[in-house]
Amino acid sequence: MAQAHQAKYRKDYQSPSHTITDIDLTFELQDTATIVTAVSQVKQLKDSTSLELDGEGLELKRLEVNQVEWNEYELVEGSIKIHQLPTEFVLTIVTEINPEANTALEGLYKSDGAYCTQCEAEGFRRITYYLDRPDVLAKYTTTVIADKAQYPFLLSNGNRIEQADLNDGRHMVKWSDPHPKPSYLFALVAGDFDVLRDKYTTKSGRNVELEIFVDKGNLNRANHAMVSLINSMKWDEERFGLEYDLDIYMIVAVDFFNMGAMENKGLNVFNSKFVLANDQTATDTDYLGIEAVIGHEYFHNWTGNRVTCRDWFQLSLKEGLTVFRDQEFSSDLGSRAVNRINNVRIIRGPQFAEDASPMSHPIRPDKVIEMNNFYTLTVYEKGSEVIRMYHTLLGEEGFQKGIKLYIERHDGTAATCEDFVKAMEDANGVDLTQFRLWYSQSGTPTVKVASHYDAQQQTYTLTLEQSTEPTQDQKEKQALHIPFDIELYNAAGEVTELRCNGEKVSNVLNLTQAKQSFVFEGVTEKPVPSLLREFSAPVKLEYDYSDEELTFLMVHARNEFARWDAGQMLLAKYIRSNVETVQAGDEVSLPEQVVDAFRGVLLSKELEPAFIAEVMSLPSHNEVSGWYKTVDVDAVAAVLKAIKVQLALELADELSAIYHSLKQSEYTIDHAAIGERALRNTALSYLAYTEQGNALALQQYQQANNMTDTIAAMSAANQAQLDCRETLMSDYSDKWKHDGLVMDKWFTLQGCNPSTNALDMIKQTMQHEAFSLKNPNRTRSLVGSFLNMNPVNFHAIDGSGYQFAGEILRELNSVNPQVASRLIDPLLKLGKYDQTRQALIKVELEKLKSMDDLAKDLFEKVTKALEA
Ligand code: B3K
Ligand code: ZN
C-alpha cells in the first residue's frame, strides 16, 4: 500500500526564516560519487536560531558553521534541521551524490556521456541541502572540476571568470552569475560538444556571445535554433522593450530530458528535440516548435528570471505570461491566424479535458502534493489565455503599460499573481476585482447565447448566459468577467456598427453577470452574428447556428479565425448527429451543402494555403470526446473516419488538383513554403482514402527531398492502412535506426497505428534497438502516442490497452516518476467511459495504488482519480 504523501496549501505560505545572499558551489564530478561543496552566506530573517534546509537523496559528508564543524543538526525525511545558529553565518555543507544512478532526470544526472542538471521545480535539493524555494534569491559562484579529456566544456550560469588545468588530468572552470536567483534557475553542464557560435548586439550596445552546444557530429542541425534565438532577442526588444542582461547566452541540447527545455539563467538546457533540425531530419512542425521553445525560454529571462515567483502556486505568473509572449512571437513572425487556431485547438481539446478531469485546478492551484504535476495545460495554456484577455480588454498599449509597471516594481524579486493584476490595474486605472476570479476558479465556463431581432424597432438583442459546472476540486462557481468579442454581418457580408443607448460601442462585450442582455440599435436587417471572435475567452460557446449562417460566416467573416471557427462548428453539428446515426446502426453522411462549403474553401484563390489546411483538418478524437459526458469511443472514431472518407471521395478532383499544383522543386523554410506543404500534405491525408492513395503515398515517400514530405507520406499510409505502409516503415527504420531523435517520428506512427493488431506490434517495437524506456522522448513517442492518439486500440473493450499502460506505469514509477505521471493522464479520465471500461481502468489504478514505493507524482493523480 502506497504511503500517503502530504499536500501543501497555497493559503499556508510563510516567508522564509532565513535568506541566503551568496552561495559558492564546487563540483568535483565523478560518475557515481560527485562531491558538492556549498558555502552559503546565511542571514536570519525571523526570530529563529534553527534553520531547516531541503535535501533529498544526499549523503552528508561535512557540516560547518563559520568554518567550525557543527554537530547541532538532525537529518529528517527530506530535510536537515540545524540548531543553535547565530544571526549571520557562513554555512559549509559537503554532500556526495550519484549522477549515474539518477534515472529520474532531476538534480544532477548523466545524459549519454554528459553531465547536466534540471532543478525546477525542486531538483536543487538533490544536489545540496538548501532553502530550495523560489523566494530565496542568491548570487551564485560555481566551480566545476572534471577530467579534461572527457569533459572539455564545463558550464554554469553567468560569466566565466577563471579556468585552469589541474595536475591530474582534470581541469576547472569558475563561473559567476551577477544576478541573484532562486535555486531552480541553477544549471551545470559538463561534456564534449560541437559548438555553434554567433554574436548579438543589443539595442543599447551590449555585445553578447551566443553559443549552442550539441552532441558531436550534430553541428549541421543547430542553425535554425541560432536563427530563432537571434529573432527572439530582437523581437523582445522591439515588442516589449526588453534586452538581454549578460555577456553570454548558452544553450545545450541533451537527449535525456523530462520536458521541452529549461530557462536556467544564461545557460538553457534543452531537449535535443527543440534544438536539432535540418531538412533531412526535421519536419516543418519541428522547425516551428524549435522557434517557439527557443523563444519561450529566452523570454523567461525577464518573465520568470528577473521577476520570478514567490512560491510554486504562482507558477502561471511566469508560465502563462511567457506562453503568451511566445505565442505572440510566433504570430508576429508567421501566420497569426494559423497560430491562433493551433493554440485554440489545445485549449478546446486537452485543456478543457483537464478541466473536466480529477486533476482540475485553477491556473493558480490551491493544493499540491507534487509540484511537477502542476506544469499543466491549465497553468500554461489557460494561463496564457488569461493574459490574452488582459490584452483584449486593455489593448496593446494598455497591456504594455501594465507590463512595464510590473517589471519596474518587481525586478530582482519574487512576485505573485496578485502583484501582476495590481500592476495592470494601476497602469491602466481600471478595476479588475472580478477578473481576478480567473486565477482562483477552475473549470470551463459555458456561454450560452440567444438572439432576437426586432424588425420594427430595428434592434438586435444578444442574451448571454454564463455558467461553470462544478469540478472535482471546487463545487461552487461564480460569474466571471468574460470579454466576449462579436461582430454582426448583414446579408451582403458587411459589418454593422455596434450601437447601444445611442453610442458606438466596442466589439468586446463585458459579460460580468450570470445573465446579461445587450441591445444593439439601428440594425436594419436581421444580422448573422460572429461570436467569441478570436476565442476572446477560454469558454465553451453554445449558440444555435443554422447551416446557412455557418457557411455564410465561412465565406464572409472578415477575420480568418472566425471563418475557420464557423467551419469547425459546421463539422461539429454533423459529427454529433452522425454519432447518433452510427449508434442507431445507420450510415454516416454529410449533406451536400456541407461538402460544398469545404469545396469552396479548397478552391479559394485568396486564402493562404496554410489556412486552408487548417479549415480542412477535422477536430481530433480527443476534442470530440470532450463534447460528451460519456463518450462512445468507437462511434466517434467511426464517424471521424467516415467523414474523412466522404470528403475525400467527393472532393477528390479538387484535392488532387491542389496536390499536384503544390509540388515544390526545392525545400525552403519560410512561412509561405511551409503553408504550401501543409496544404499539399493535408490533401494527401484525404487522397490516401481514394483509389490513388497507395500510389501517391509511395511515390511521395520515394521522391521526398525533406522530412516533412517523408513523414506525411508515412502518416497517410499508416492512417489509411495502405499496402505500402510496411515498405515505408521498414525503409525508414533501416535508414535512421542509429538516430533516436529521428526514430521518434517512426515510434509515434507505431503508437498511432489504427490496425487491430497494433498493440502486439507496439510490444515488438519496444525491442527495437533505438528504443529505451529510460529515454523520455522514446517513451512519449511510442507509449504516449498509443495512450493519447490511438483511441480505438487504447480503449479496446478487452482491456488490453489499459493493462499495457498499467505495466509501463508500474515500471516507470521507479525509473522516472515525472514521465510516468505525464503518461497516466488518459487513465485519469475514466469517468468519461462506459461502466465496463471504467472498471477495467480502475483495476489498473488500484494496482498502482497498492504499490509500496508509489512515487508522490503518481500517488497524487491516482488517489484523485479513484476519489472521483
Ligand atoms: N520552466 C520549465 C519547466 C520546468 C518543469 C519542471 N517539471 C520550462 C518552461 O516552461 O519554460
Ligand atoms: Zn516556461
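Excluded from the calculations below are hydrogen atoms, water molecules and symmetry mates; all remaining heavy atoms, backbone and side chain alike, are included. When a ligand or atom number is given, it counts from 1 through the structure's own listing order.
E319 contributes OE1 as its N, O or S atom closest to the Zn ion (ligand 2).
Remark: K774 is not positioned above the aromatic ring of F256, lacking an NZ or CZ atom under 6.0 angstrom from the ring centre and at most 45 degrees off the axis.
At the top of the distance list for atom 8 (C) of ligand 1, counting protein heavy atoms only, stands A261 O, 2.9 Å. Ranking protein heavy atoms by distance to atom 1 (N) of ligand 1, first place goes to E120 OE1, 2.5 Å. Nearest protein neighbour of atom 7 (N) of ligand 1, counting heavy atoms only, is N372 OD1, 2.8 Å. Closest to atom 3 (C) of ligand 1 among all protein heavy atoms lies Y380 OH, 3.5 Å.
Between D419 and R310 there is no salt bridge, since none of the side-chain N atoms of the basic residue sits less than 4.0 Å from a carboxylate O of the acidic one. We find that D332 and R239 are joined by a salt bridge, their nearest charged nitrogen and carboxylate oxygen being less than 4.0 Å apart. A salt bridge between R306 and D245 is present, with a side-chain N of the basic residue lying under 4.0 Å from a carboxylate O of the acidic one.
Within the 2.8 Å limit, E263 places no N, O or S atom next to the Zn ion (ligand 2).
Taking 4.0 Å as the cut-off, M371 does not count as a neighbour of ligand 1 on heavy-atom distance. The shell of residues lying under 4.0 angstrom from ligand 1, judged by heavy atoms, includes K318.
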**Request:** Let me see the working for D857 and Q818 under side chain to side chain contact (heavy atoms under 4.5 Å, CB included), right down to the final yes or no.
**Result:** CA-CA 7 Å; D857 316 57; Q818 263 187 72; 4.0 Å; yes
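Between Y129 and S79, every side-chain heavy-atom pair lies at or beyond the 4.5 Å cut-off.
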